[in-house]
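Data block below; observations after.
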Amino acid sequence: MIATPDRTPLPRDFFDRPVLEVAPDLLGRVLIRTTPDGPIELRLTEVEAYDGPNDPGSHAYRGRTNRNGVMFGPPGHVYVYFTYGMWHCANLVCGPEGRASAVLLRAGEITEGAALARRRRLSARNDKELAKGPARLATALGVDRALDGTDACAAGETPLRILTGASVPTHQVRSGPRTGVSGDGGVHPWRFWVANDPTVSPYRAHTPRRRRS
DNA sequence: TCTAGGATATACT
DNA sequence: GTATATCCTAGAA
């Protein structure tokens, strides 16, 4: 065995599987965000599955729009959406192509480039909060709509890539209801996280907003 | 420690 | 007009 970390991207076949197989298998894998100031690496600790046509909680449930077009494309690409008027969230598209299923990257541990991440996340009180939540993760990595459609499996230069390497053992994977999803979409235990990991975001049930005055 | 409310793009009614 | 795959701050407890 070779002791050096494997810098090879995951093969596209990895994502060309049902999203419920891919999601737990992503836990523990490492994302590399290449920025002009240097790389930021993140180890995934929490994800959520969204299964296009059968899933009322999915952005793709009501068909293709300008925003969600990447979900309908080939697996292994990054779908980035802008929400609540302020935040970005990153997903990895799963197969088969056209099914429009994806995994939302909910939280992770910054394993390299923490100084760069802190600069983008000034409100974080400690390093465990740098990517504790989907919008925080995107902010820490500097992910926005400009990265929508990025191929995370590309071998060459790419702003965002996911590496091969060990996922966490099955006995450390936990699952439960998805966060912040309303209606029938909240019943599925399609949120997956690493047991006892301090970077996993706290569960919040869906709370409807009150009307503005 | 907890809760309420604000910020406001995008899609849908 | 209303809801949302969210986060942050202020003020109460």
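In what follows, chains carry the letters A, B, and so on, assigned in the order in which the sequence lines appear, proteins first and then strands, with residues in each chain numbered from 1.
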Between A:Ser123 and A:Thr179, which is nearer to the 5' end of DNA chain C once each is assigned its nearest nucleotide? A:Thr179
Any idea which of B:dA9, C:dT6, B:dT10 is nearest the A:Arg67 side chain? B:dT10
Select base, sugar-phosphate, or nothing to describe what A:Arg64 touches, counting heavy atoms under 4.0 Å on all strands. nothing
Any stacking of A:Tyr81 on C:dA5, going by centres under 5.5 angstrom and planes within less than 30 degrees? no
Can you measure A:His59 atom NE2 to B:dA9 atom P for me and round it to whole angstrom units? 16 Å
To the nearest Å, give me how far apart NE2 (A:His88) and C1' (B:dT10) are. 12 Å
Atom CG of A:Leu44 and atom CD1 of A:Ile162: how far apart are they, to the nearest 0.5 Å? 5.5 Å
Does the side chain of A:Thr35 come under 3.5 Å of the side chain of A:Asp37 through a donor N or O and an acceptor N or O? no
Can you tell me which stems involve DNA chain B, if a stem is defined as three or more consecutive Watson-Crick or G-U wobble pairs, both distances under 3.5 Å? B:1-7 with C:6-12, B:9-12 with C:1-4
Rounding to the closest angstrom, what is the interatomic distance between B:dG5 and C:dA3 at atom P? 15 Å
Taken to the nearest whole Å, CE/A:Met86 to P/C:dT9 is 11 Å
Atom CZ of A:Arg136 to atom C1' of C:dC7: distance rounded to whole Å? 6 Å
Report yes or no: is the ring centroid of A:Trp87 under 5.5 Å from the six-membered base ring centroid of C:dT6, with the two planes under 30 degrees? no
Where do A:Arg191 and A:Arg174 land on the side chain to side chain contact (heavy atoms under 4.5 Å, CB included) test, with the steps shown first? CA-CA 8 Å; A:Arg191 172 178 172 248; A:Arg174 298 290 179 274; over 6 Å; no
Both conditions, 6.0 Å and 45 degrees, for the charged tip of A:Arg17 above the ring of A:Phe15: are they met here? no
Once you round it to whole Å, what is the distance between P of C:dC7 and CZ of A:Arg106? 7 Å
Please check if atom OH in A:Tyr61 has more than 12 non-hydrogen atoms from other residues, nucleotides or ligands closer than 6.0 Å. no
Run the numbers on A:Tyr81 and A:His59 for ring-ring contact (aromatic ring centres under 6.0 Å, His included), then give the verdict. CA-CA 10 Å; A:Tyr81 66 89; A:His59 285 171; 4.5 Å; yes
